[in-house]
Amino acid sequence: MTKNSELQFAPELDQPLRYIERTRNYYLGLGYETPYVWAHYMDVAFTPLQKPLNQSILGLVTTAVPFDASKGPQGPGAPYNAAAKFYDPYTRSIDEDADLRIAHVGIDRRNADMQDSNCWFPLGAAKRAVANGRIQSLSKHFYGLPTNRSQRHTLEIDAPLILNKLREDRVDVAVLIPNCPICHQSQSLLARYLETAGIPTVIMGAAKDIVEYCGVPRLLFRDFPLGNAAALPNNIQSQDSNFELALRLLEGAPAARTTVQSPSLGFGSFMEIRLFQSGKA
């Protein structure tokens, strides 16, 4: 028996994946000669809540794209589809039946659920939080942030447009949900921009290294496959508990660079649920 087994250590690989290195190697493998440079800051703006959440309007910002059948496969089993990518920030009414897809490069298509949008867009949980009086209301729209490898474009073009849309809807606080590795960087840059403008933010993400390397005020980290940072599939309890953690982080973060890891089911339990649902367990 080894010393490690005597002490009952967790397996060495039981730690958050390093998406910075994996994604950089991916681009090098495509033939790019210069390694991708990820956004990295020392200073992070931090805006405390200006009023209680039950008196606040909350906005949801996603990097998922509304489904368009003319742009090819985008659902379960679909490969990466660059045609489905969007390039301009968008808004949609929170009352419409929005069919959002996550056909991004880097999504874990083997392990992530690609059918239940609650896994990547917590609109249902947010509406229940309103019904329970946890937050005053949602903004009348939700907001789509493009996934852009150009940090300059995100900061100088996309972020100001999103900020204007939030201000038009009188948003007080924002929850940002990224999907792929570059999505995590784009949402991190947006979080920094919004905080500087006076809007408190929290990111619900699965690529811990990218978000923390960039530097954001608040991160709710979920150690799940990329694309499923918001909840377990087909599990209302998971949706609501994870969203509540995001709200508590908005309320309770003492300073910038506050990361909370969801204490809910880990990746092993996630895989057990996936196997059970597929009839293989």
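No experiment lies behind these values; they were computed from the predicted model shown.
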Do [X] and [Y] sit in one hydrophobic cluster, given that two such residues count as connected whenever their side-chain heavy atoms are within less than 4.5 Å of each other, even indirectly?
X	Y	result
Y36	Y213	yes
L138	L247	yes
L249	M204	yes
I199	L49	no
V171	L58	no

For [X] against [Y], the heavy-atom pair lying closest together:
X	Y	result
F243	A125	CB-CB, 3.8 Å
S238	R222	OG-NH2, 3.4 Å
G59	Y143	CA-CE1, 4.1 Å
K208	T259	CE-CG2, 4.1 Å
N118	G124	OD1-N, 4.1 Å
L60	A126	CD1-CB, 4.1 Å

Distance, nearest 0.5 Å, that separates [atom1] of [X] from [atom2] of [Y]:
X	Y	atom1	atom2	value
L145	I162	CG	CD1	5.5 Å
C214	Q185	SG	CD	6.5 Å
I57	S137	CD1	OG	4.5 Å
L190	L163	CG	CG	8.5 Å
F46	T201	CZ	OG1	9.0 Å
L194	L166	CG	CG	6.0 Å

Using a strict cut-off of less than 4.0 Å between a Lys/Arg side-chain nitrogen and an Asp/Glu carboxylate oxygen, indicate whether [X] and [Y] qualify as a salt bridge.
X	Y	result
R170	D172	no
E244	R128	no
E195	R218	yes

Problem set entry | Within 6.0 Å of NZ in K127, more than 12 heavy atoms from elsewhere | yes

Exercise. Should the heavy atoms of other residues, nucleotides or ligands under 6.0 Å from CD of E21 be counted, would the total exceed 12?
Worked result: no

For [X] and [Y], indicate whether the former's side chain and the latter's backbone hold a donor-acceptor pair under 3.5 Å.
X	Y	answer
T23	I20	no
E96	I94	no
D169	S139	no
H184	A206	yes
Q187	T147	no
T258	A255	yes
N235	Q237	yes
D99	F67	no
R257	E212	yes
N242	A229	yes

For this session: Using side chain to side chain contact (heavy atoms under 4.5 Å, CB included) as the criterion, point out the one residue from P181, C180, P178 that pairs with L226.
Result: P181

Tell me, do [X] and [Y] make a side-chain contact under 4.5 Å, heavy atoms counted?
X	Y	result
C119	L232	no
L219	V260	no
P200	P217	no
N54	Q136	no
L245	Q261	no

Problem set entry | Verdict with reasoning, I182 to Y19, per side chain to side chain contact (heavy atoms under 4.5 Å, CB included) | CA-CA 10 Å; I182 299 296; Y19 290 104; over 6 Å; no

Exercise. Within 45° of the six-membered ring axis of Y41 and under 6.0 Å from that ring's centre, is NZ or CZ of R192 located there?
Worked result: yes

Exercise. Quick one: is the NZ or CZ of R92 closer than 6.0 Å to the six-membered ring centre of F142, and within 45° of its axis?
Worked result: no

Problem set entry | Criterion side chain to side chain contact (heavy atoms under 4.5 Å, CB included) on I177 and V175, from CA distance to verdict | CA-CA 7 Å; I177 313 96; V175 177; 4.1 Å; yes

For this session: Give the intermediate values and the outcome of side chain to side chain contact (heavy atoms under 4.5 Å, CB included) for residues N148 and D158.
Result: CA-CA 9 Å; N148 204 313; D158 295 336; 4.0 Å; yes

Exercise. Does the gap between the ring centers of F86 and Y90 come in under 6.0 Å?
Worked result: yes

Problem set entry | From CA spacing to verdict: side chain to side chain contact (heavy atoms under 4.5 Å, CB included), S188, V211 | CA-CA 6 Å; S188 298; V211 178; 3.6 Å; yes

Problem set entry | Residue pair N179 / T63, side-chain donor-acceptor N/O under 3.5 Å | yes

Exercise. Among side-chain atoms of E156 and Y193, is any donor-acceptor pair under 3.5 angstrom?
Worked result: no

